[in-house]
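What's counted below: heavy atoms across the whole structure, side chains too, no hydrogens, waters or symmetry copies.
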Amino acid sequence: MRLSSLLITAAPFAIAAALGLLAANSIVDVIEDNSELGIRRSLDDHGLTWAEVQADGLRVMLTGTAPSEAQRFKAVSTAGSVVDAARVIDEMAVADSASMQAPRFSIEILRNDSGISLIGLVPAETDRAKLVKTLQSIAGDASVSDLLQTADYDTPEHWEDSVEYGIKALKKLPRSKISVEAGAVTIRAMTDSAEAKRDLEKDLERAAGHDLKLALDISAPRPVITPFTLRFLIEEGEARFDACSADDEESRTRILAAARKAGLSDNADCIIGLGVPSPRWGEAAELSIAALAELGAGSVTFADADITLLAAEGTQQAVFDRVVGELENRLPEVFSLHSTLPRPKDDANGEAPEFVATLSPEGLVQMRGRLSDELARAATESYARARFGSASVHTAARLDDTLPENWPMRVLAGIEALSHLSNGAVTVTPEMISIFGKTGKQDASARIARLLVAKLGQSARFDIDVEYLEKLDPIAAIPTPEECEARIGKILETSKINFEPGSYTPDANSQNIIDAIAEILKECGEIKMEIGGYTDSQGRESMNLALSQARAQAVLNALRERRILTSSFKAKGYGESNPVASNETEEGRDANRRIEFKLIRPEPMVETETALESLETQPAEEEAGSPAEEDEASAAEEAGKVSADAADKATADEQDKASADEADEATAEEEKPDEQTGAEETDK
């Protein structure tokens with residue numbers, strides 16, 4: 001055959017093969033483009049923009065670095081939903097897990113007159129709209145600035161409880177900074193007095209219970225002391241302060257050092273306040289105390305810039321003149337010294353007149369002794385009734401028109417001083433006012449001294465012997481949560497809350513026990529406590545669990561009926577778990593059927609080392625936080641106490657009722673006749 005014939009015959013086949021190959025390549029290109037485009041769009045729709053797609057024929061390769069293993073799997077699944085999963089080739093890497101640790105979530109809540117600001121990092125699933133709405137209800141007409149950032153990580157344990165407590169605390173603090181972290185809250189605020197500070201600290205600590213790590217930095221501005229008073233005495237070899245004021249730490253240190261050198265042995269303190277008449281107050285007090293120590297006995301009293309030095313009877317005139325002369329020459333220029341050396345008493349004039357008022361622990365006041373006239377007696381009775389109550393005052397004083405002219409003023413000042421005590425007495429004579437007794441106010445002596453100086457002048461002689469008792473302090477006397485738990489446990493050691501057989505109703509004998517527990521809880525205030533119910537092992541386990549839950553809830557309801565704050569309580573049934581005795585004997589089973597009260601304590605927490613700055617939120621914090629920090633330094637308004645949210649309590653009550661209803665249904669279901677366990681259930 002000729003070559004030309006062969007070429008003519010093969011040419012059509014070659015052309016057809018070339019055309020087929022070209023068409024196949026075009027089809028493959030179309031398939032690759034469509035696959036790559038479809039997968040890319042699907043990945044973008046799912047937020048997987050970090051993934052790269054490359055098609056090679058029918059194969060689709062995924063590359064890139066996934067933030068987590070879950071994100072890598074999500075990318076593979078997304079590609080597999082567009083093309084056959086067998087065609088997807090996974091060549092993705094996963095970011096180092098050590099570098100992807102969850103950040104430390106935190107919120108800085110700043111509140112002042114201009115409004116509330118939120119700064120920090122929160123989990124992405126946090127309902128920020130609800131949070132802002134809640135804070136807006138607290139801010140009122142003021143604004144709420146939401147400067148929070150979010151991160152897509154799991155919400156850490158205790159985060160929601162911490163945020164809830166921070167909001168609750170914010171209601172009580174019109175000027176404050178609250179830092180919230182998971183399981184920890186730090187509060188910085190100001191109050192208008194030391195007493196308000198103590199009250200606020202107790203309230204915040206008690207509301208936190210044991211679930212949170214609470215750090216408080218509550219400060220009180222310096223009180224304005226009028227007059228600026230100091231009174232130091234040396235009597236019978238013992239030195240003490242009746243009142244002590246200082247203008248700063250350095251002044252307080254100088255005064256206390258001089259007092260210790262003069263013989264002061266107890267743990268006295270000076271109140272730092274405003275109103276000092278001279279910046280050289282500490283120097284003047286130091287010199288005067290040293291002068292009194294040189295005399296050996298007597299008193300020195302400051303009322304602003306007026307100083308009264310009263311020597312003891314029997315002091316040598318020459319020593320008195322020398323000490324007073326040296327003190328006058330060394331005192332700062334603004335201070336004025338008045339010195340007195342009492343003369344020996346002349347007993348020829350008979351017994352000195354006196355007025356005595358006593359205050360009993362029950363609040364009853366008896367007044368006896370002498371008053372100058374009817375007008376003075378009426379004024380004295382009226383003043384005492386205004387201070388102690390009309391029904392609490394009894395007067396048995398006689399009239400004496402020979403009393404000194406200033407006698408009514410001395411009597412009224414003594415009665416006002418007595419009102420600072422829980423119980424005690426005041427004795428008024430022409431030369432001296434003596435007051436002694438017990439009080440629950442730590443600064444009662446200083447208050448009485450300032451009062452008497454203001455009413456009677458800086459040269460007045462008075463003696464104050466007041467003892468502070470913690471049990472009389474309405475704040476310090478509140479038992480700690482641990483003490484409350486121990487006292488309730490002591491009751492349940494000797495008594496037991498029993499129930500009607502097969503029921504969750506406490507029997508008649510248990511009512512007195514619940515009454516005793518309620519009295520303890522009234523003293524404890526708002527604490528977090530769990531009421532646990534337990535049964536023995538007889539009967540079905542599900543029946544025991546439901547019955548124990550119903551019994552615990554019944555005790556909680558009984559406490560609520562006695563007007564106990566139970567919003568922070570919870571009832572939990574443990575069934576037959578945690579036995580305290582053997583279930584093989586009747587005595588053991590009886591011991592296992594019990595109710596326990598336990599404090600809800602925090603679980604151990606592991607601190608994360610990753611700082612908020614790792615997500616580059618620090619600049620936003622610093623920029624937004626500086627103005628708020630400046631506002632925080634302004635003078636504080638009164639940190640008023642805010643009662644617990646009534647809506648929250650109502651919700652808690654509804655939840656408690658729902659729990660009780662569920663327990664009732666479960667108990668009724670389990671108490672249906674059962675041939676095998678009927679006798680055992682009846683025994684419970």
Side-chain angles (χ1 to χ4, degrees), residues 192-195 197 219-235 238-312 320 322-340 442-454 457-462 464 466 468 635:
D192 64 341
S193 66
E195 185 176 350
K197 172 186 174 182
S219 59
R222 297 180 181 180
V224 177
I225 302 174
T226 306
F228 216 76
T229 310
L230 183 146
R231 179 173 168 82
F232 184 74
L233 304 92
I234 302 177
E235 295 179 335
E238 294 185 1
R240 75 173 192 274
F241 279 109
D242 277 346
C244 184
S245 305
D247 54 325
D248 54 34
E249 288 287 350
E250 181 182 357
S251 176
R252 174 165 62 181
T253 300
R254 294 184 65 174
I255 294 171
L256 293 178
R260 293 189 182 96
K261 190 174 181 180
L264 181 69
S265 58
D266 60 359
N267 296 322
D269 195 9
C270 280
I271 299 174
I272 297 179
L274 302 176
V276 65
S278 167
R280 301 180 67 182
W281 171 271
E283 178 186 352
E286 182 181 31
L287 291 171
S288 300
I289 292 173
L292 182 63
E294 191 170 355
L295 291 175
S299 66
V300 59
T301 304
F302 281 68
D304 289 332
D306 293 320
I307 307 173
T308 299
L309 179 64
L310 180 63
F320 177 78
R322 178 180 59 81
V323 171
V324 171
E326 291 177 350
L327 179 59
E328 287 178 341
N329 292 327
R330 298 176 65 186
L331 280 172
E333 185 173 341
V334 69
F335 291 93
S336 174
L337 177 64
H338 308 276
S339 56
T340 303
Q442 291 184 331
D443 60 344
S445 293
R447 291 188 180 188
I448 293 172
R450 288 197 296 269
L451 163 69
L452 296 178
V453 169
Q458 68 273 7
S459 61
R461 295 182 61 191
F462 50 87
I464 303 173
V466 174
Y468 168 76

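The distance from the CG atom of Leu331 to the CG atom of Leu287 is 6.0 Å, given to the nearest 0.5 Å. Annotation: the span from Asp247 atom CG to Cys270 atom SG amounts to 10.5 Å, rounded to 0.5 Å. Arg461 CZ to Ser299 OG: the interatomic distance, rounded to the nearest 0.5 Å, is 7.5 Å. Here Arg252 contributes atom CZ and Glu250 contributes atom CD; the two are 12.5 Å apart, rounded to the nearest 0.5 Å. Taking CG of Leu233 as the reference point, atom CG of Leu264 lies at 11.0 Å (rounded to 0.5 Å). Distance check: Glu328 CD to Ser339 OG gives 6.0 Å after rounding to the nearest 0.5 Å.
Two residues are said to be in side-chain contact when any heavy atoms from C-beta on lie closer than 4.5 Å; Leu230 and Ser245 fail this criterion. Val453 is not listed as a side-chain neighbour of Phe302, based on a closest heavy-atom distance of 4.5 Å or more. At a threshold of 4.5 Å between non-hydrogen side-chain atoms, the residues Leu256 and Asp269 count as touching. By the 4.5 Å heavy-atom criterion applied to side chains, Leu327 and Ile307 are not counted as neighbours. Side-chain contact between Ile255 and Phe241 is present, with at least one heavy-atom pair separated by less than 4.5 Å.
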Residues Arg231, Leu452; criterion side chain to side chain contact (heavy atoms under 4.5 Å, CB included); working and verdict = CA-CA 11 Å; Arg231 179 173 168 82; Leu452 296 178; over 6 Å; no
Step by step, would you call Ser459 with Asp306 a side chain to side chain contact (heavy atoms under 4.5 Å, CB included)?
-> CA-CA 9 Å; Ser459 61; Asp306 293 320; over 6 Å; no
Ile448 and Asp242: CA distance, side-chain angles, deciding distance, side chain to side chain contact (heavy atoms under 4.5 Å, CB included) verdict | CA-CA 8 Å; Ile448 293 172; Asp242 277 346; over 6 Å; no
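Within a 6.0 Å sphere centred on CD of Glu238, heavy atoms belonging to other residues, nucleotides or ligands number 12 at most. Around the CZ atom of Arg330, the shell of radius 6.0 Å holds no more than 12 heavy atoms that belong to other residues, nucleotides or ligands.
Using a cutoff of 4.0 Å between basic side-chain nitrogens and carboxylate oxygens, Glu333 and Arg280 are not scored as salt-bridged.
Taking the six-membered ring where the residue is Trp, Trp281 and Phe335 present tilted rings, their angle falling between 30° and 60°.
The two residues Ala311 and Leu295 have their closest heavy-atom pair at CB-CD1, 4.2 Å. Here the shortest heavy-atom pairing between Gly275 and Asp304 reads O-OD1, 4.3 Å.
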